[in-house]
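Notes follow the structure.
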Number of protein chains: 2
Amino acid sequence: MQPEKEVTIYDIAKALNISPATVSRGLKDHSAISKNTRKRIFEAAQAMGYRFNSFASNLRRQKTNTIGVIVPRLNSAFMSDAIAGMEKVLNEAGYNLIISQSLEDTGKEEKNAVTMFNSRVDGLIVSLSYNTRAIPHFEQFIRRGIPLIFFDRIYEDSECPSIVINNYEAAYGITTHLIGEGCKRIVHITGNESGNVYRQRFEGYRDALKDGGIEWDKQCLIVNTLTSGDGEHAAEAILKMKRRPDGIFVANDNCAVSCMLSLKRQGIKVPDDIAIAGFNNDPISRVAEPNLTTIDYKGYEMGEVAAKTLIDRLNGTSGVPITNSLILKHEIIVRDSSLKNSRTKHR
Amino acid sequence: MQPEKEVTIYDIAKALNISPATVSRGLKDHSAISKNTRKRIFEAAQAMGYRFNSFASNLRRQKTNTIGVIVPRLNSAFMSDAIAGMEKVLNEAGYNLIISQSLEDTGKEEKNAVTMFNSRVDGLIVSLSYNTRAIPHFEQFIRRGIPLIFFDRIYEDSECPSIVINNYEAAYGITTHLIGEGCKRIVHITGNESGNVYRQRFEGYRDALKDGGIEWDKQCLIVNTLTSGDGEHAAEAILKMKRRPDGIFVANDNCAVSCMLSLKRQGIKVPDDIAIAGFNNDPISRVAEPNLTTIDYKGYEMGEVAAKTLIDRLNGTSGVPITNSLILKHEIIVRDSSLKNSRTKHR
DNA sequence: CTGTTAGCGCATTCAG
DNA sequence: CTGAATGCGCTAACAG
């Protein structure tokens, strides 16, 4: 089968005996084209199988109507929600999305950034990879005036708008909850402390201990990459501790669940021997037994807000200062994995 | 801060006193440019902050180096694996990806197809949405000679290459396993039977029953959309059945797990009262208690293969027939949720 | 090995 | 309300 030839506005113009300029305007509903001509143009375009050439348009207009998104991974409940939220808002505003994942690798993140740059995205929404500590690869965007928005895993030293939750407060709250349930010795399993997310969760945990009258013990901090494998290793480490903890606060649900299951396999009772709390309200937290106490925050909303903030910047009357950072709400979801007291009370 | 002006190959040419054509060639490592000139060009480009304009290039070459991907959803373990596999292969081959999700809505799938078409993707990889039964929205690609590859949820009546597993065989195998564990009455929970995936799983189940000497009973088929909500409803329905089943084969893990948890909440023992098996080997299947027996198939590999098949088509010496469809391997993963016999034996 | 030339399809200024 | 003319930046003949 022969590939059909592309139809251009010139072809339409010729067919209708008008000029290409008129066709171009008619196609984009320019007000200065008569209703009738416009109608004829649309009909001809339809009939001839015309398709808009966005490359020519982009080249001409020096704009792409494309937004780049770089995230650590797509395959988490939080992230795919966030992306769904962005897609909705940006599509409605007439933008397309190019999505790529850094797979928690700063090198790949840099390459992704180059691709986005060369694709001349009109704006960029980023959640940083695990180890990224500096953002020279994003500075070219800032220099060229291309709006850059961070969400969740943000770069704190930049002027860019950032959409986050209050990780400190969430961690403080959930740790306080564990203390309220009677935990005296609480281990914290978390990720690289140099990023905003895990550092703040750690700080919230630490301060909650202090304010709860529990002395902070270095032994109680386990830092890894929060994979499920890490959860199992952490469980081993915990079982080997001289002073065994009676509570664990893990900075993500995946790791929390695998840690919990490992502990259970070794005969530990959860929450009686050790109470456990996670972070993210991943669906997995509702499947694990006992169900996992965790922090809920809305990925979809975060995506929407990030996208809206970006659109503000794109349309923004420059000079007018726009809200720089937004802190969205979170919620502590208390489930069985941490309910020491309530168990005693109820049974 | 002033946005910097764009540097073009003309600027580089002027700076080096050579022609733009030479710069263009040098930049893409054309063999007919001396090593020395090439080096000077790269250095100048670097120094001047040049960035390649893919729109101009695309416009000129009538190619985009972009591949479109349309899938039902991104947020399943299988799908994000598949996409990771594609991304790897296609990136290495110099292609970019535009990804979009139909959210199981044929209407959105159609819109996505239009976007891809207007973005002039060089090729398209598709897994169909739940209800899609006809593909007029993809015919324009075929007409224009743009390679189209289906994977997993394929369109069976098309000439397009398809990458799948043998759903029939997998379902047959896992049902036979349930029968081997002593199940006499096995319910099948599945999705819309008009798509290849769920129809074949149903047929495999039905034939396994027949070959296992179990009479096929219409009552035992529950069709829904396989969400976790559907799993709960299915559990209710099962509990209301006059003849209660002793086995359930669910066409996806998510639904299987929520069904299993609902049954457990109602006091059913799994696997003793009812054995359960799922499909997909989703991480959730290893978290649920008991661990879920399921079918493993490799999303990553499927993505890689789909991408490679596409690349073959793109480079393909036309006329040479290329393998049209590929059937990848699957594996039955037996876990506790279906081990009636073994339990008896071991304890 | 390098240069000249032309045009990909569209949007926009300016002139009617 | 419409048309003529120009160029966005790059690539690929073709010609040295």
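To find a chain, count down the sequence lines: A is the first, B the second, and so on, and within it residues start at 1.
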[X] side chain N/O closer than 4.0 Å to the phosphate oxygens (OP1, OP2) of [N]?
| X | N | value |
| --- | --- | --- |
| S19(B) | dT2(C) | no |
| Q62(A) | dG9(D) | yes |
| S57(A) | dG9(C) | no |

Nearest-nucleotide comparison on DNA chain C, the residue closer to the 5′ end among A21(B) and R120(B)
A21(B)
Between A56(B) and S31(B), whichever has its closest DNA chain C nucleotide further toward 5' is S31(B)
Between [N] atom [atom2] and [X] atom [atom1], what is the distance in whole Å?
| X | N | atom1 | atom2 | result |
| --- | --- | --- | --- | --- |
| H30(B) | dT2(C) | NE2 | P | 12 Å |
| N118(B) | dC10(C) | CG | P | 11 Å |
| I9(A) | dT6(D) | CD1 | P | 17 Å |
| L59(A) | dT12(C) | CG | P | 13 Å |
| E6(B) | dG9(D) | CD | P | 8 Å |
| K63(B) | dG9(D) | NZ | C1' | 20 Å |
| K35(B) | dT2(C) | NZ | P | 13 Å |
| Y50(A) | dG9(C) | OH | P | 10 Å |

I146(B) CD1 to M116(B) CE distance, which is reported to the nearest 0.5 Å:
12.0 Å
Which part of the nucleic acid, if any, lies within reach of [X] when heavy atoms closer than 4.0 Å are counted: base, sugar-phosphate only, or nothing?
| X | value |
| --- | --- |
| T37(A) | sugar-phosphate |
| S24(A) | base |
| Y10(A) | base |

Please state whether the base of dG9(D) and the side chain of R51(B) form at least one donor-acceptor pair under 3.5 Å?
no
Does the dG3(D) base have a donor-acceptor partner in the side chain of R25(A) within less than 3.5 Å?
yes
Closest approach to the side chain of [X], judged atom by atom: which nucleotide of [options] is it?
| X | options | value |
| --- | --- | --- |
| T8(B) | dT2(C), dC10(D), dC10(C) | dC10(D) |
| N53(B) | dC10(D), dT2(C), dG3(D) | dC10(D) |
| T22(B) | dT12(C), dC8(C), dG3(C) | dG3(C) |
| R60(A) | dT6(D), dA12(D), dG9(D) | dT6(D) |

Pairwise side-chain contact, V121(A) with F141(A), heavy-atom cut-off 4.5 Å (strictly under):
yes
Can you confirm whether E87(B) sits close enough to S100(A) that some side-chain heavy atom of one is under 4.5 Å from a side-chain heavy atom of the other?
yes
Note: D29(B)-R38(B) ion pair, threshold 4.0 Å (strictly below):
yes
With R51(B) as the cation and F117(A) as the aromatic partner, state whether NZ or CZ is under 6.0 Å from the six-membered ring centre and within 45° of the axis.
yes
Specify whether F78(A) and F151(A) have parallel, tilted or perpendicular ring planes, treating 30° as the upper limit for parallel and 60° as the lower limit for perpendicular.
tilted
